[in-house]
Amino acid sequence: MLLRVEGISKSFGGFVAVRDVSLSVDRGRTACVIGPNGAGKSTLFNLITGHVQPTRGNVFLGDREITGRAPHAICRLGIGRSFQRTNIFPRLSVFDNIQVAVLSHMNRTLNMATPAHTLVRDETMALLEAVGLAGEARSTSGTLSYGLQKQLELGIALASEPQVLLLDEPTAGMSPQETADTIALIGHIVRDRGLTLLFTEHDMDVVFSIAERIYVLHQGALLAQGTPQEVQANEDVQRVYLGEADE
Ligand code: ADP
Ligand code: MG
(Lines give C-alpha, C1' and ligand atoms only; values in the text may rest on other atoms or scores of the structure.)
(Ligands and ions follow the chains in the order given, each with its own letter.)
Protein backbone atom coordinates (compact mmCIF):
# COMPACT_ATOMS: atom_id res chain seq x y z
CA MET A 1 0.00 0.00 0.00
CA LEU A 2 1.76 3.19 -1.07
CA LEU A 3 -0.98 5.76 -0.45
CA ARG A 4 -3.49 5.22 2.34
CA VAL A 5 -6.21 7.51 3.65
CA GLU A 6 -7.93 6.50 6.87
CA GLY A 7 -11.24 7.91 8.03
CA ILE A 8 -10.58 11.41 6.78
CA SER A 9 -13.15 14.17 7.27
CA LYS A 10 -13.31 17.88 6.54
CA SER A 11 -15.87 20.38 7.72
CA PHE A 12 -16.07 23.94 6.45
CA GLY A 13 -17.98 25.68 9.23
CA GLY A 14 -20.95 23.40 9.76
CA PHE A 15 -20.78 21.87 6.28
CA VAL A 16 -19.18 18.44 5.97
CA ALA A 17 -17.42 18.35 2.59
CA VAL A 18 -15.62 15.02 3.20
CA ARG A 19 -17.00 12.48 5.64
CA ASP A 20 -15.00 9.56 7.03
CA VAL A 21 -13.36 8.54 3.74
CA SER A 22 -10.84 5.69 3.60
CA LEU A 23 -9.00 4.58 0.49
CA SER A 24 -5.71 3.07 -0.56
CA VAL A 25 -3.67 2.65 -3.71
CA ASP A 26 -0.97 0.02 -4.13
CA ARG A 27 2.37 0.98 -5.63
CA GLY A 28 2.19 1.19 -9.41
CA ARG A 29 -1.63 1.02 -9.49
CA THR A 30 -4.20 3.42 -10.88
CA ALA A 31 -7.30 4.40 -8.92
CA CYS A 32 -10.03 6.92 -9.69
CA VAL A 33 -12.35 8.94 -7.48
CA ILE A 34 -15.66 9.71 -9.14
CA GLY A 35 -18.78 11.50 -7.97
CA PRO A 36 -21.09 14.37 -8.97
CA ASN A 37 -20.00 18.00 -8.77
CA GLY A 38 -19.60 19.01 -5.14
CA ALA A 39 -19.13 15.41 -3.97
CA GLY A 40 -15.84 16.36 -2.28
CA LYS A 41 -13.30 15.03 -4.79
CA SER A 42 -11.08 18.12 -4.95
CA THR A 43 -11.30 18.58 -1.18
CA LEU A 44 -10.19 14.97 -0.71
CA PHE A 45 -7.17 15.61 -2.95
CA ASN A 46 -6.40 18.82 -1.06
CA LEU A 47 -6.48 16.86 2.20
CA ILE A 48 -3.97 14.35 0.81
CA THR A 49 -1.60 17.04 -0.48
CA GLY A 50 -1.75 19.26 2.61
CA HIS A 51 -3.60 22.14 0.94
CA VAL A 52 -6.52 21.60 3.32
CA GLN A 53 -6.19 20.46 6.94
CA PRO A 54 -8.41 17.54 7.95
CA THR A 55 -10.94 17.83 10.73
CA ARG A 56 -10.03 14.24 11.56
CA GLY A 57 -8.43 11.21 9.93
CA ASN A 58 -4.98 10.28 8.65
CA VAL A 59 -2.95 10.10 5.45
CA PHE A 60 -0.01 7.71 5.00
CA LEU A 61 2.62 7.52 2.27
CA GLY A 62 4.12 4.08 2.68
CA ASP A 63 4.79 3.69 6.41
CA ARG A 64 5.06 7.40 7.00
CA GLU A 65 2.18 9.44 8.31
CA ILE A 66 1.93 12.73 6.41
CA THR A 67 -1.37 14.06 7.75
CA GLY A 68 -1.57 17.82 7.76
CA ARG A 69 2.03 18.49 6.68
CA ALA A 70 2.74 21.53 4.52
CA PRO A 71 2.11 21.09 0.76
CA HIS A 72 5.81 21.54 -0.14
CA ALA A 73 6.82 18.92 2.43
CA ILE A 74 4.30 16.42 1.08
CA CYS A 75 5.47 17.17 -2.46
CA ARG A 76 9.07 16.55 -1.44
CA LEU A 77 8.10 13.24 0.15
CA GLY A 78 6.78 12.08 -3.22
CA ILE A 79 3.21 13.14 -3.94
CA GLY A 80 2.93 15.29 -7.06
CA ARG A 81 -0.28 16.82 -8.28
CA SER A 82 -2.02 18.87 -10.89
CA PHE A 83 -4.87 21.21 -10.12
CA GLN A 84 -8.36 21.31 -11.59
CA ARG A 85 -7.48 24.73 -12.99
CA THR A 86 -4.24 25.31 -14.87
CA ASN A 87 -1.35 26.43 -12.74
CA ILE A 88 1.42 27.72 -15.05
CA PHE A 89 3.24 31.03 -15.61
CA PRO A 90 1.52 32.14 -18.86
CA ARG A 91 4.15 34.72 -19.89
CA LEU A 92 7.11 32.37 -19.50
CA SER A 93 8.19 30.00 -22.25
CA VAL A 94 7.31 26.34 -22.01
CA PHE A 95 10.98 25.58 -21.35
CA ASP A 96 11.19 28.14 -18.55
CA ASN A 97 8.04 26.88 -16.87
CA ILE A 98 9.49 23.40 -16.62
CA GLN A 99 12.93 24.74 -15.70
CA VAL A 100 11.51 26.73 -12.78
CA ALA A 101 9.91 23.54 -11.48
CA VAL A 102 13.10 21.51 -11.99
CA LEU A 103 15.20 24.16 -10.24
CA SER A 104 12.82 24.40 -7.35
CA HIS A 105 13.04 20.63 -6.88
CA MET A 106 16.83 20.45 -7.35
CA ASN A 107 17.52 23.31 -4.97
CA ARG A 108 16.09 21.12 -2.28
CA THR A 109 17.93 17.96 -3.25
CA LEU A 110 21.34 18.92 -4.71
CA ASN A 111 24.47 20.10 -3.01
CA MET A 112 26.79 22.90 -4.10
CA ALA A 113 29.21 20.61 -5.95
CA THR A 114 26.67 19.47 -8.54
CA PRO A 115 27.14 20.86 -12.08
CA ALA A 116 23.66 22.25 -11.79
CA HIS A 117 23.34 24.12 -15.06
CA THR A 118 23.78 21.11 -17.33
CA LEU A 119 21.71 18.89 -15.08
CA VAL A 120 18.85 21.35 -15.00
CA ARG A 121 18.85 21.77 -18.77
CA ASP A 122 18.99 18.01 -19.38
CA GLU A 123 16.25 17.27 -16.90
CA THR A 124 14.10 20.07 -18.34
CA MET A 125 14.53 18.68 -21.86
CA ALA A 126 13.75 15.15 -20.67
CA LEU A 127 10.52 16.34 -19.09
CA LEU A 128 9.56 18.29 -22.22
CA GLU A 129 10.08 15.10 -24.22
CA ALA A 130 8.10 13.05 -21.72
CA VAL A 131 5.03 15.28 -21.97
CA GLY A 132 5.30 15.76 -25.73
CA LEU A 133 6.31 19.42 -25.65
CA ALA A 134 9.89 19.35 -26.95
CA GLY A 135 8.73 21.10 -30.14
CA GLU A 136 7.09 23.89 -28.12
CA ALA A 137 10.04 24.64 -25.82
CA ARG A 138 10.32 28.27 -26.99
CA SER A 139 6.57 28.99 -27.18
CA THR A 140 5.01 31.38 -24.70
CA SER A 141 3.05 29.12 -22.38
CA GLY A 142 -0.09 31.26 -22.35
CA THR A 143 -0.45 30.94 -26.13
CA LEU A 144 -0.58 27.11 -26.08
CA SER A 145 -3.88 25.34 -26.66
CA TYR A 146 -5.70 24.29 -23.51
CA GLY A 147 -4.72 20.67 -24.05
CA LEU A 148 -1.03 21.53 -24.40
CA GLN A 149 -1.19 23.73 -21.30
CA LYS A 150 -2.45 20.73 -19.36
CA GLN A 151 0.47 18.68 -20.73
CA LEU A 152 2.79 21.41 -19.51
CA GLU A 153 1.18 21.25 -16.10
CA LEU A 154 1.82 17.53 -16.05
CA GLY A 155 5.49 18.18 -16.82
CA ILE A 156 5.63 20.62 -13.91
CA ALA A 157 4.13 18.02 -11.59
CA LEU A 158 6.68 15.43 -12.77
CA ALA A 159 9.59 17.79 -12.06
CA SER A 160 9.31 16.95 -8.36
CA GLU A 161 9.96 13.25 -9.20
CA PRO A 162 6.82 12.01 -7.48
CA GLN A 163 6.08 8.39 -6.60
CA VAL A 164 2.37 9.16 -6.43
CA LEU A 165 0.64 11.42 -8.92
CA LEU A 166 -2.71 13.04 -8.10
CA LEU A 167 -4.54 14.43 -11.11
CA ASP A 168 -7.74 16.39 -10.51
CA GLU A 169 -9.88 16.18 -13.65
CA PRO A 170 -6.93 16.06 -16.07
CA THR A 171 -9.23 16.20 -19.11
CA ALA A 172 -11.67 18.87 -17.86
CA GLY A 173 -12.63 21.24 -20.67
CA MET A 174 -10.85 19.23 -23.37
CA SER A 175 -12.11 18.26 -26.79
CA PRO A 176 -12.59 14.52 -27.41
CA GLN A 177 -9.30 14.42 -29.31
CA GLU A 178 -7.40 16.29 -26.56
CA THR A 179 -8.95 13.94 -24.01
CA ALA A 180 -7.82 10.85 -25.90
CA ASP A 181 -4.31 12.27 -26.39
CA THR A 182 -4.02 13.28 -22.74
CA ILE A 183 -5.16 9.91 -21.44
CA ALA A 184 -2.73 8.11 -23.72
CA LEU A 185 0.07 10.39 -22.54
CA ILE A 186 -0.77 9.90 -18.86
CA GLY A 187 -0.93 6.12 -19.31
CA HIS A 188 2.44 6.13 -21.01
CA ILE A 189 4.10 8.29 -18.34
CA VAL A 190 2.62 6.29 -15.48
CA ARG A 191 3.84 2.99 -16.93
CA ASP A 192 7.20 4.41 -17.96
CA ARG A 193 7.98 5.84 -14.53
CA GLY A 194 6.22 3.17 -12.47
CA LEU A 195 4.00 5.83 -10.91
CA THR A 196 1.06 5.29 -8.62
CA LEU A 197 -1.87 7.30 -9.95
CA LEU A 198 -4.96 8.65 -8.20
CA PHE A 199 -7.18 10.81 -10.38
CA THR A 200 -10.66 12.29 -10.60
CA GLU A 201 -12.55 12.36 -13.85
CA HIS A 202 -16.05 13.07 -15.08
CA ASP A 203 -15.74 11.21 -18.40
CA MET A 204 -16.86 7.65 -17.60
CA ASP A 205 -15.25 6.21 -20.74
CA VAL A 206 -11.89 7.50 -19.50
CA VAL A 207 -12.53 6.22 -15.98
CA PHE A 208 -13.48 2.73 -17.05
CA SER A 209 -10.64 2.54 -19.56
CA ILE A 210 -7.75 3.27 -17.17
CA ALA A 211 -8.83 2.89 -13.53
CA GLU A 212 -8.05 -0.43 -11.85
CA ARG A 213 -10.04 0.57 -8.79
CA ILE A 214 -12.81 3.14 -8.42
CA TYR A 215 -14.03 5.02 -5.35
CA VAL A 216 -17.44 6.68 -5.62
CA LEU A 217 -18.01 9.78 -3.51
CA HIS A 218 -21.49 11.12 -2.86
CA GLN A 219 -22.14 14.13 -0.62
CA GLY A 220 -18.68 13.76 0.88
CA ALA A 221 -18.98 10.09 1.81
CA LEU A 222 -17.89 6.89 0.05
CA LEU A 223 -20.90 5.36 -1.63
CA ALA A 224 -19.11 2.43 -3.23
CA GLN A 225 -15.72 1.11 -4.22
CA GLY A 226 -14.38 -1.72 -6.32
CA THR A 227 -13.24 -2.72 -9.77
CA PRO A 228 -14.81 -0.89 -12.72
CA GLN A 229 -17.12 -3.88 -13.24
CA GLU A 230 -18.22 -3.92 -9.60
CA VAL A 231 -18.88 -0.19 -9.54
CA GLN A 232 -20.76 -0.28 -12.83
CA ALA A 233 -23.02 -3.04 -11.49
CA ASN A 234 -23.62 -1.35 -8.12
CA GLU A 235 -27.26 -0.28 -7.80
CA ASP A 236 -26.55 2.61 -5.41
CA VAL A 237 -24.06 3.99 -7.90
CA GLN A 238 -26.43 3.62 -10.81
CA ARG A 239 -29.21 5.38 -8.93
CA VAL A 240 -27.21 8.19 -7.37
CA TYR A 241 -24.38 8.88 -9.74
CA LEU A 242 -24.67 7.35 -13.17
CA GLY A 243 -28.32 8.43 -13.29
CA GLU A 244 -27.42 12.05 -12.57
CA ALA A 245 -24.64 11.98 -15.13
CA ASP A 246 -27.16 11.10 -17.83
CA GLU A 247 -29.37 14.10 -17.14
P1 ADP B 1 -15.86 18.22 -6.23
O2 ADP B 1 -14.41 18.40 -6.52
O3 ADP B 1 -16.28 16.80 -6.05
O4 ADP B 1 -16.74 18.92 -7.22
P5 ADP B 1 -15.29 19.90 -3.93
O6 ADP B 1 -14.36 19.12 -3.10
O7 ADP B 1 -14.73 20.98 -4.77
O8 ADP B 1 -16.19 18.91 -4.81
O9 ADP B 1 -16.38 20.56 -2.99
C10 ADP B 1 -17.14 19.79 -2.07
C11 ADP B 1 -18.04 20.72 -1.29
O12 ADP B 1 -17.25 21.46 -0.37
C13 ADP B 1 -18.77 21.71 -2.16
O14 ADP B 1 -20.08 21.89 -1.64
C15 ADP B 1 -17.96 22.98 -1.98
O16 ADP B 1 -18.76 24.12 -2.13
C17 ADP B 1 -17.46 22.84 -0.56
N18 ADP B 1 -16.17 23.52 -0.35
C19 ADP B 1 -14.99 23.21 -0.96
N20 ADP B 1 -14.00 24.00 -0.52
C21 ADP B 1 -14.56 24.84 0.38
C22 ADP B 1 -14.05 25.90 1.21
N23 ADP B 1 -12.76 26.27 1.18
N24 ADP B 1 -14.93 26.52 2.02
C25 ADP B 1 -16.22 26.16 2.08
N26 ADP B 1 -16.78 25.17 1.34
C27 ADP B 1 -15.95 24.52 0.50
MG1 MG C 1 -13.37 19.19 -8.11
Side-chain angles (χ1 to χ4, degrees), residues 3-25 30-59 66-72 74-75 79-88 146-147 149-150 153-154 156-157 164-174 178-179 182-183 186 197-208 210-211 213-226 228 231-232 234 236-247:
L3 177 67
R4 186 157 54 93
V5 174
E6 270 185 17
I8 210 156
S9 298
K10 178 64 189 181
S11 303
F12 293 110
F15 176 75
V16 185
V18 172
R19 188 188 300 269
D20 196 23
V21 169
S22 298
L23 64 79
S24 58
V25 194
T30 291
C32 185
V33 178
I34 64 171
N37 259 339
K41 303 179 298 294
S42 293
T43 303
L44 176 61
F45 276 25
N46 287 333
L47 288 165
I48 294 171
T49 57
H51 291 84
V52 166
Q53 298 294 311
T55 308
R56 68 176 66 83
N58 309 90
V59 183
I66 59 168
T67 317
R69 294 200 197 192
H72 70 266
I74 291 176
C75 179
I79 300 184
R81 74 169 299 176
S82 74
F83 291 84
Q84 192 170 344
R85 294 178 57 187
T86 303
N87 186 36
I88 61 176
Y146 182 73
Q149 289 194 26
K150 297 303 273 189
E153 213 197 16
L154 189 57
I156 292 169
V164 179
L165 196 55
L166 262 56
L167 302 177
D168 194 356
E169 303 211 17
T171 72
M174 288 189 181
E178 284 174 333
T179 297
T182 300
I183 291 308
I186 291 171
L197 176 65
L198 181 64
F199 72 110
T200 72
E201 178 58 58
H202 60 278
D203 183 327
M204 285 303 122
D205 290 337
V206 169
V207 172
F208 290 121
I210 64 172
R213 189 165 188 84
I214 298 174
Y215 293 90
V216 186
L217 269 188
H218 179 58
Q219 296 177 352
L222 267 189
L223 177 75
Q225 58 177 295
V231 164
Q232 236 164 345
N234 184 297
D236 290 336
V237 176
Q238 286 174 3
R239 189 172 61 247
V240 165
Y241 181 66
L242 298 176
E244 286 182 26
D246 286 343
E247 279 170 15

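Whatever order the structure lists them in is the order used to number ligands and atoms, beginning at 1.
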- Task: Give yes or no for whether the N/O distance cutoff of 3.5 Å, strictly under, is met between Leu44 and ligand 1.
- Result: no
- Item | N or O pair under 3.5 Å between Gly38 and ligand 1 |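 In this structure, Gly38 places an N or O atom under 3.5 Å from an N or O of ligand 1.
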- OG of Ser22 to OH of Tyr215, rounded to nearest 0.5 Å, is 9.0 Å
- Task: Output the distance between atom CZ (Phe208) and atom CD (Gln232), rounded to the nearest 0.5 Å.
- Result: 4.0 Å
- Message: Could you tell me, atom by atom, which parts of ligand 1 come under 4.0 Å of a heavy atom of Asn37?
- Response: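 Heavy-atom distances to Asn37 below 4.0 Å select 4 (O).
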- Pull out every atom of ligand 1 sitting under 4.0 Å from any heavy atom of Phe15, numbered as shown with elements.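 Under 4.0 Å from Phe15, ligand 1 has these atoms: 11 (C), 12 (O), 14 (O), 17 (C).
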- Check whether any side-chain heavy atom of Leu198 sits under 4.5 Å from a side-chain heavy atom of Ile48, and report yes or no. yes
- Does Ile74 have any side chain to side chain contact (heavy atoms under 4.5 Å, CB included) partners at least two apart in sequence or in another chain, and if so, which?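 So Ile74 forms a side chain to side chain contact (heavy atoms under 4.5 Å, CB included) with Ile66, Arg69, Ile79.
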- Item | Backbone or side-chain N/O/S of Thr43 under 2.8 Å of the Mg ion (ligand 2) |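 Of the N, O and S atoms in Thr43, none lies under 2.8 Å from the Mg ion (ligand 2), which means no.
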- Query: How would you list all residue pairs meeting salt bridge (charged side-chain N to carboxylate O under 4.0 Å, His left out) that involve residues 3-20, not counting sequence neighbours?
  - Reply: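 As it turns out, the salt bridge (charged side-chain N to carboxylate O under 4.0 Å, His left out) pairs with a partner in residues 3-20, which skip direct neighbours, are Arg4-Glu6.
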